[in-house]
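Computed from a predicted structure; not experimentally measured. Values below: every heavy atom of this structure, side chains too, minus hydrogens, waters and symmetry copies.
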Amino acid sequence: MVVLAGAACSGKSRWAAERFRTAEVVSSDALRGAVGSGPADLEASADAFALLDQIVAARSKRSLTTVIDTLGLDPERRASYRRLAREAGLAPVLVIMNTAAALCRERNRQRDRPVPAPVLTDQLRKISRLLESAEEEGWDQVLIIDQDSGVEVPTDDPALDHDHGPTTLPRIVLQVSRFPWGEDPSGWLRDVALAADAFGFGGIALMDHLIQIPQVDRAWEPIPEPWLTLGLLAGLDTDLRLGTLVSPVTFREPGIIAKTVATLDALSDGRAFCGLGTGWWLREHQAYGLDFPSDRQRLDQLQVCIEMLRALWAPGTKAYHGRYVHLPETTCYPRPVSDVPIIVGGSGERRTLRIVAEQADGCNLPSDQAVLRAKIDILQRHCAAVGRNPASVEITVLDLPVIGTDREDVAVRVERLRGRTPAAVYATRHHAARAVDHARRYLELVELGVSTIFIALPDLAGADDLARCAPLLAALHQG
């Protein structure tokens with residue numbers, strides 16, 4: 001909850017309009033215009049403020065960002081807004097417009113109905129006192145906007161700080177999880193891949209499911225076999241890395257996975273990666289007649305699979321006797337033409353991350369920073385226990401961002417996608433924001449040790465949709 005405070009003509013409304021959606025700003029002037037003859041109809045003030053309080057309370061109950069655009073000079077009203085925000089679990093923020101008195105007076109003279117000079121002088125005096133006492137009122141943050149006669153409030157977003165940020169930029173890989181391809185599946189896939197390459201994505205990952213999962217779309221929507229689909233993409237003239245995020249070890253025998261990935265790596269001239277997991281969805285296993293063992297057994301299968309891949313991809317054709325795998329020969333041609341990274345998807349603390357430390361090249365973890373820190377700490381402890389340098393394990397995350405061109409576009413997308421989930425909850429869960437805001441967040445993930453960020457757009461419709469990501473990718477690589 002953002003509470004504005006400033007004398008008349010101090011620039012409050014303009015400041016709010018440049019930073020927040022129209023629906024997020026509750027203005028006493030606008031409400032006077034709704035219930036009276038216009039924004040300056042002081043006789044309508046009581047009704048206008050009654051409506052304002054009702055709107056603020058309703059939005060707070062739904063945890064919606066709310067900007068209260070009034071003079072903000074009444075300490076009792078400010079206190080009531082703080083209480084309301086805290087009861088709703090919102091952060092109360094006070095924004096004080098510290099605008100030069102001469103500038104306020106000049107703007108006031110240009111109004112159709114100027115505020116009487118003595119009234120404006122009293123408002124400026126109250127703002128001066130508030131500047132001295134605001135920190136004692138108990139706001140989570142007090143933001144002071146300084147303006148003088150020669151300086152207007154800046155409206156441009158600040159550039160990302162690459163001089164003081166991480167020196168290694170993340171690889172951004174597009175994870176395609178939904179396929180609204182209409183009557184031209186191959187054309188849709190080609191267009192998406194070529195656009196991803198043109199905009200600067202570092203790769204494409206496909207989900208590996210037999211039925212479309214409910215988190216993404218309806219069960220009868222298409223979900224193609226991923227390795228066959230990646231073979232199609234390998235034939236395109238791109239630099240995209242190609243792989244799955246992730247393939248359940250319950251779907252295919254380990255040797256078949258080894259053969260498949262080696263073939264893709266050869267066809268793509270060394271651009272394959274292999275995401276592996278234990279699988280989690282009983283329904284798709286039953287629907288396709290596949291066994292779905294216990295958690296422990298599936299983790300055993302993961303260990304077998306990783307060792308099998310290493311054995312079959314190694315140079316030479318010879319017998320192999322390892323910890324989990326014993327083979328009379330390792331004849332697997334074509335061999336991969338690169339060191340194909342094996343990325344384990346999953347964050348189980350006791351065993352999954354232990355398997356990563358022992359056998360994998362990397363892991364895929366949640367993008368929530370608090371969760372990520374905890375998981376990385378546990379992984380590092382596993383690495384120490386097995387004598388491995390934690391820096392040799394690649395940290396990747398899967399992010400499901402809602403990316404809009406501006407705040408209004410972000411809000412429209414959230415409303416369209418959220419279903420029965422409250423808008424504020426959905427927006428938080430998907431970090432709904434503009435591209436440049438996501439870029440800042442991704443640089444924070446890099447500081448935690450993340451090298452690759454897989455992003456799955458929940459509203460990807462086609463190649464043109466990737467244009468929304470262009471500012472994000474440009475911001476990450478600028479300077």
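- Residues passing the side chain to side chain contact (heavy atoms under 4.5 Å, CB included) test with Ile256, sequence neighbours excluded: Glu253, Thr260.
- By the 6.0 Å contact criterion, CG on Asn389 is enclosed, its count of non-hydrogen atoms from other residues, nucleotides or ligands being greater than 12.
- For the residue pair Trp227 and Ser247, a side-chain donor N or O sits within less than 3.5 Å of a side-chain acceptor on the partner.
- Listed by chain and residue number, Cys383, Val386, Ser392, Val393 satisfy the side chain to side chain contact (heavy atoms under 4.5 Å, CB included) test with Arg388 (two or more places apart in sequence, or in another chain).
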Using a 3.5 Å cut-off and no angle test, enumerate the donor-acceptor pairs between side-chain atoms of residues 341-357 and protein atoms at least two apart in sequence or in another chain.
residue : atom : partner : partner atom : Å
Glu349  : OE2  : Lys375  : NZ           : 3.0
Arg351  : NH1  : Arg296  : O            : 3.2
Arg351  : NH1  : Asp300  : OD1          : 3.2
Arg351  : NH2  : Asp300  : OD1          : 2.3
Arg351  : NH2  : Gln303  : OE1          : 2.7
Arg354  : NE   : Glu358  : OE2          : 3.1

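- Partners of Arg418 under the side chain to side chain contact (heavy atoms under 4.5 Å, CB included) rule, at least two apart in sequence or in another chain, are Glu415, Ala423, Tyr426.
- Taking a cutoff of 4.0 Å between a charged side-chain nitrogen and a carboxylate oxygen, Glu444 and Arg440 do not qualify as a salt bridge.
- Inter-residue side-chain proximity for Leu309 and Cys274 is flagged as met; some heavy-atom pair is nearer than 4.5 Å.
- Among residues two or more places apart in sequence or in another chain, the side chain to side chain donor-acceptor pair (under 3.5 Å) test is passed with Thr22 by none.
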Please set out all donor-acceptor pairs under 3.5 angstrom arising from side-chain atoms of residues 311-319, sequence neighbours excluded.
residue : atom : partner : partner atom : Å
Trp313  : NE1  : Ala258  : O            : 3.1
Thr317  : OG1  : Tyr333  : OH           : 2.9
Lys318  : NZ   : Pro315  : O            : 2.8

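- Under the 3.5 Å distance criterion, the side-chain polar atoms of Asp291 are left unmatched by any main-chain donor or acceptor of Pro293.
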Do any side-chain atoms of residues 465-473 form donor-acceptor pairs under 3.5 angstrom with protein atoms, and if so which ones, sequence neighbours left out?
residue : atom : partner : partner atom : Å
Asp465  : OD1  : Arg468  : NE           : 3.4
Asp465  : OD1  : Arg468  : NH2          : 3.3
Asp465  : OD2  : Ala461  : N            : 3.1
Asp465  : OD2  : Arg468  : NH2          : 3.0
Arg468  : NH1  : Ile403  : O            : 2.5
Arg468  : NH2  : Asp459  : OD1          : 3.3

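- Judged purely by distance below 3.5 Å, without hydrogens or angles, the side chains of Tyr320 and Glu307 pair a donor atom with an acceptor atom.
- Taking the six-membered ring where the residue is Trp, Trp280 and His209 present perpendicular rings, their angle passing 60° and hence far from 30°.
- One finds a salt bridge joining Arg381 and Asp377 here, because a Lys/Arg side-chain nitrogen approaches an Asp/Glu carboxylate oxygen to under 4.0 Å.
- Residues meeting the side chain to side chain donor-acceptor pair (under 3.5 Å) test with Arg429, sequence neighbours left out: none.
- Every side chain to side chain donor-acceptor pair (under 3.5 Å) that Gln297 has, sequence neighbours left out, goes to Ser294.
- Of the charged side-chain nitrogens involved, at least one lies within less than 4.0 Å of a carboxylate oxygen, so that Asp208 and Arg252 count as a salt-bridged pair.
- Sorted by first and then second residue, the salt bridge (charged side-chain N to carboxylate O under 4.0 Å, His left out) pairs involving residues 171-198 (not counting sequence neighbours) are Arg178-Asp217.
- In summary, Asp140 and Arg86 engage in a salt bridge, as defined by a charged side-chain N under 4.0 Å from a carboxylate O.
- For the pair Ile55/Arg59, a side-chain contact is recorded, criterion being any heavy-atom separation below 4.5 Å from C-beta on.
- Under a 3.5 Å cut-off, the side chain of Thr396 and the backbone N or O of Cys363 do form a donor-acceptor pair.
- When the side chain to side chain contact (heavy atoms under 4.5 Å, CB included) test is applied to Ala193, the partners found at least two apart in sequence or on another chain are Ile204, Leu233, Leu236, Leu240.
- By the salt bridge (charged side-chain N to carboxylate O under 4.0 Å, His left out) test, Glu221 is found to be paired with Arg218, residues two or more places apart in sequence or in another chain being considered.
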